[in-house]
Novice: 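Please see the structure below; I have some questions.
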Protein chains: 2
Amino acid sequence: MRKAQTAVSASKTRRERVELKEEAIVDVAYEMFLERGYAKTTIAEIARRSGVADGTVYLYFQNKEAVARAVVASFYIRLTRQAQEGVDELTSIADRLRFLARHHLENVMNERRILEMLPFFEFAVESYDGSELFQMNKAYVTVFDRVAKDGISAGDIRKDLSLWALRDVFFGAMEYGARTMLIKNRPGDLDHFIDNLMRLVVIKNAAAAGSDAAAQLASITQRLEAAASRIEKAAGKIR
Amino acid sequence: MRKAQTAVSASKTRRERVELKEEAIVDVAYEMFLERGYAKTTIAEIARRSGVADGTVYLYFQNKEAVARAVVASFYIRLTRQAQEGVDELTSIADRLRFLARHHLENVMNERRILEMLPFFEFAVESYDGSELFQMNKAYVTVFDRVAKDGISAGDIRKDLSLWALRDVFFGAMEYGARTMLIKNRPGDLDHFIDNLMRLVVIKNAAAAGSDAAAQLASITQRLEAAASRIEKAAGKIR
DNA sequence: ATTTATAATGAAGATTGCTCATTATCGACA
DNA sequence: TGTCGATAATGAGCAATCTTCATTATAAAT
């Protein structure tokens, strides 16, 4: 019993060092993949920059792909945490959605090379469904899903789309939008794109001027008020 | 003069053979990249299946990446031609847009491995802008752009989005939608997704039955006005 | 038929992912 | 504190693959 415990605590310190080294490797790999992309990043240099031998990397990761997966995983963890934190600090559905859009866009644009590696693994894994990265992606989009569901039931988000389609529109649009904005680098495009995206998803406030729906409502209201006046007159005659 | 001409025609037959061989290599490479993806496809086997030596491939293409670019280019050429043909056969904006969506989704889902290679080149090229693939992508989305512009001026497509944002939403949404549909392979999802996408972009005809908000409001207004009229009549009788 | 330019070859070089026999390190225990 | 065993780390070498280039083959021109 005591023997087992000491063994555990002893191996734990070793473990801690091991895990620190693992983190160091992932951090170095993250930088390199971000700078050069997957193909041009070599295990040899990851090892060199991490201060270990080539072979040591393979004590921690099955192969180069596994290193890249760990890098993407660390990206998702941060992305998800930041997304949730941002959502928690805001109250209205529109603000939350807008934050998620900006947050995602900025990250996709800055860490593009990291995300570029994803398609490589997704279908390489026999069943992506169930894989670690699939779970992380799921956790990330769940932050959006919760906001979307709230928005739909509150009437702030259009409810004529299924949730999965809405989600794919939201994130897919940003993927392409980010690409376009990176290619033609015009200031102000980010806000413009987010506005456009919100316009698609968020239901406009009827009080807002210029919207077709608002105009219709105004017209309807006038007609109803006219009808009410007629009724009032009629009632007056009755009296 | 005559000498030059014979030289040209002579070199032309040679050229023709050369170009046939180039096409053969691209065709073989297309199959292999589609089956196995970029990394697991070797130049050696492309050469073998094409009936040439390894080195011969490098007479036609600078390197493996250039082979892959040629493959993607051939994909874009077909995609663009089919898209334009389909659009030409249809008349209404909604039909055309729906066709483009289905066409794109089917191709993205079937030839995913080919498109997966794109991100690899895009930013590897010093300026993607101006590259061959950029031009081909541009030609392809131009088919959409023309339909979208027509639709916007005709009032069939919402005009509160800029064209580039609309385009990125359209294609980006499909990229993600395709991925989702491939992962969870449920029948009927394709039509469902296209419906959802159309709902976002195409302006509903107010005259169409079942269009919710506007029609409902109109109906309610009519009923209220009718009620007002009955009250008026009743008041008249009273008097 | 000879010459010359073009096309093709495939062995060798270079890079890089990955393995494994060997060495080093660290904690436990007497 | 010194020894031992398990765990961790090493890096030379293997294997796979992209790419080059000296050599050979082919086809057109004269």
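Proteins get letters first, then strands, A, B, ... in listed order; numbering begins at 1 in each.
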Novice: Checking contacts here: which listed nucleotide (D:dA8, C:dC18, C:dT9) is nearest the side-chain heavy atoms of A:Leu59?
Specialist: D:dA8
Novice: Could you tell me whether A:Phe33 and A:Phe75 have their ring centroids closer than 6.0 angstrom?
Specialist: no
Novice: So which one's nearest nucleotide on DNA chain C is more toward 5', B:Thr56 or A:Ile43?
Specialist: B:Thr56
Novice: In whole Å, I'd like the distance from the CG atom of A:Asp54 to the P atom of C:dT19.
Specialist: 13 Å
Novice: Does NZ or CZ of A:Arg167 come closer than 6.0 Å to the centre of the six-membered ring of A:Phe170, within 45° of the ring's axis?
Specialist: no
Novice: So what does B:Tyr60 hit on the nucleic acid, given a heavy-atom distance under 4.0 Å: a base, only sugar-phosphate, or nothing?
Specialist: sugar-phosphate
Novice: Any salt bridge linking A:Glu175 with B:Arg179? Criterion: basic side-chain nitrogen under 4.0 Å from a carboxylate oxygen.
Specialist: no
Novice: Has B:Gln62 got more than 12 heavy atoms of other residues, nucleotides or ligands less than 6.0 Å from its CD?
Specialist: no
Novice: Of the nucleotides C:dC18, D:dA27, C:dA8, which one has an atom closest to the side chain of B:Arg17?
Specialist: D:dA27
Novice: Rounded to whole angstroms, how far apart are NZ on A:Lys21 and C1' on D:dT7?
Specialist: 12 Å
Novice: The side chain of A:Tyr58 lies closest to which of these nucleotides: C:dA8, C:dG17, C:dT9?
Specialist: C:dG17
Novice: Taking the six-membered ring for Trp, is the centroid-to-centroid distance between B:His104 and B:Tyr140 below 6.0 Å?
Specialist: yes
Novice: In this structure, how many angstroms lie between the P atom of C:dG10 and the CZ atom of B:Arg48, rounded?
Specialist: 14 Å
Novice: Round to the nearest Å and state the distance from B:Arg15 atom CZ to D:dT26 atom P.
Specialist: 22 Å
Novice: Atom CD of A:Glu45 and atom C1' of C:dT16: how far apart are they, to the nearest Å?
Specialist: 13 Å
Novice: Send over the distance from A:Lys40 NZ to C:dT16 P, rounded to a whole Å.
Specialist: 11 Å
Novice: For the side chain of A:Lys64, starting at C-beta, report the closest nucleotide among C:dT9, D:dC18, C:dG17.
Specialist: C:dG17
Novice: Given D:dT10, D:dC18, D:dA9, which nucleotide is nearest the side-chain atoms of B:Thr42?
Specialist: D:dC18
Novice: How long is the line joining CD of B:Glu22 and C1' of C:dA8, in whole Å?
Specialist: 15 Å
Novice: Between A:Phe61 (CZ) and D:dA9 (P), how many Å, whole number?
Specialist: 12 Å
Novice: Base, sugar-phosphate, or nothing: which does B:Val18 touch, judged by heavy atoms less than 4.0 Å apart?
Specialist: sugar-phosphate
